Amino acid sequence: MKLPESFYQRKNVVKIASDLLGKVLFTCVDGQITSGKIVETEAYSWTERGCHAFGGRKTNRNAVMFEKGGYTYVYLCYGIHHLFNIVTNRTGTADAVLIRGIEPMEGLQIMEERRGLTGRSIHLTSGPGKLTQALGIDRKLNGKFLTDSEVWVEDLGVKIPARQIVASERIGIDYAGEDARLPWRFHIRDNPWVSNG
DNA sequence: GCAATGATTTACT
DNA sequence: GTAAATCATTGCC
């Protein structure tokens, strides 16, 4: 079943990021359903430098992060890659969870076509820019609500034991100084679909 | 209006 | 391991 919006509106974005491991992300783009189990996430909060909304800085791009939990935040990075985030917490508090890796489930063939790959390549969805392409996510899906749109997350009863969850430093935000060292990245131990591997 | 830059990926050595 | 690709957004003039 779909996760209720209350799941996203809890105050601890780090807890939400780890809770999302094992949940399943669905999209329905161009009438085609694709889905994948979330195996890697990162938490971002306006209280630290790694976040676009650091210090409460609000711009056109990140405005949706200030909405209540349950909205999507999609933006373009390096001019090429779409990155998919889930907004958390309540209105006025800019926290979000970046989805970095999923394990393909439904629509494997559709994902291969979108990525231009053949075979079950690990490279299909093992990275934040790759999984958005595989799922058909782009800026059209920015600002959607996860309980009432073509993007949503379901709990299929998969439980990840605590000892299978690894916390580590976040990736690709060295410019954030000390805050880049926060252990706010979570992934499932020994899962081949985790990025940077 | 214009220059700087990045929550990445890919290819090449 | 390192480096280039590539453009929307941002911040300053």
Side-chain angles (χ1 to χ4, degrees), chain A residues 8 12-18 20-21 25 36 38-67 69 71-89 93-104 111-144 146 151 153 166-188 192-197:
Chain A
Y8 308 108
N12 190 339
V13 63
V14 178
K15 177 77 159 63
I16 295 172
S18 59
L20 279 170
L21 294 178
L25 176 65
I38 298 171
V39 300
E40 184 179 4
T41 63
E42 283 181 6
Y44 285 87
S45 170
W46 67 280
T47 58
E48 47 84 20
R49 291 195 63 83
C51 184
H52 291 156
F54 170 64
R57 193 165 54 87
K58 190 171 182 177
T59 65
N60 268 348
R61 180 173 66 162
N62 66 24
V64 69
M65 287 184 74
F66 289 80
E67 294 296 329
Y71 280 95
T72 61
Y73 172 39
V74 180
Y75 83 100
L76 193 64
C77 188
Y78 292 89
I80 308 172
H81 309 289
H82 298 276
L83 271 60
F84 178 74
N85 301 251
I86 296 175
V87 177
T88 71
N89 216 313
T93 306
D95 290 354
V97 176
L98 170 70
I99 307 299
R100 290 189 58 90
I102 64 171
E103 177 181 329
M111 294 192 234
E112 289 174 353
E113 287 175 14
R114 285 178 180 150
R115 295 273 296 126
L117 297 174
T118 55
R120 274 134 206 73
S121 171
I122 288 296
H123 304 298
L124 193 61
T125 58
S126 59
K130 300 178 192 173
L131 73 88
T132 53
Q133 186 181 5
L135 292 176
I137 293 173
D138 63 22
R139 289 182 308 123
K140 289 195 304 292
L141 297 182
N142 184 42
K144 300 286 185 182
L146 286 171
V151 194
V153 180
V166 183
S168 55
E169 296 176 5
R170 291 175 294 177
I171 294 175
I173 56 168
D174 293 341
Y175 62 87
E178 296 262 314
D179 289 329
R181 312 272 298 278
L182 291 168
W184 283 8
R185 171 176 177 244
F186 300 94
H187 64 93
I188 298 177
W193 299 95
V194 170
S195 70
N196 200 34

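Residue numbers start from 1 in every chain, and the chains themselves are labelled A, B, ... in the order their sequence lines are given, proteins ahead of strands. Not measured: the values here are computed from a predicted model.
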Going by 5.5 Å between centroids and 30° between planes, is there a stack of A:Y75 over C:dA8? no
Does A:R100 place a side-chain N or O at less than 4.0 Å from the phosphate oxygens OP1/OP2 of B:dT8? yes
Does A:R49 have a side-chain nitrogen or oxygen under 4.0 Å from the phosphate oxygens OP1 or OP2 of B:dA7? no
May I ask you to evaluate whether A:R185 reaches the phosphate of B:dA7, defined as a side-chain N or O under 4.0 Å from OP1 or OP2? no
Between P on C:dA8 and CG on A:L83, what's the gap in Å once rounded to a whole number? 16 Å
A:Q133 versus A:R114, side-chain donor and acceptor atoms under 3.5 Å: no
Of the listed C:dG11, C:dA5, C:dA8, the closest approach to the A:T59 side chain comes from C:dG11
Would you mind reading off the distance between A:K58 atom NZ and C:dT9 atom C1', rounded to a whole angstrom? 17 Å
Using a heavy-atom cut-off of under 4.0 Å over every strand shown, decide if A:I80 touches base, sugar-phosphate, or nothing. base
note: A:H187, atom NE2; B:dA7, atom P; distance rounded to Å ~ 20 Å
Return no unless some side-chain N or O of A:R115 is found under 4.0 Å from OP1 or OP2 of B:dT9. no
So, does A:H52 get its side chain near the phosphate of B:dA7, meaning an N or O under 4.0 Å from OP1 or OP2? yes
Can you identify which nucleotide, out of B:dT8, C:dT10, B:dA7, has its nearest atom closest to the A:Y175 side chain? B:dA7
Verify stack between A:Y44 ring and B:dA7 base, 5.5 Å, 30 degrees: yes
Note: for A:C77 and A:L131 on DNA chain B, the residue whose nearest nucleotide lies more 5' is A:C77
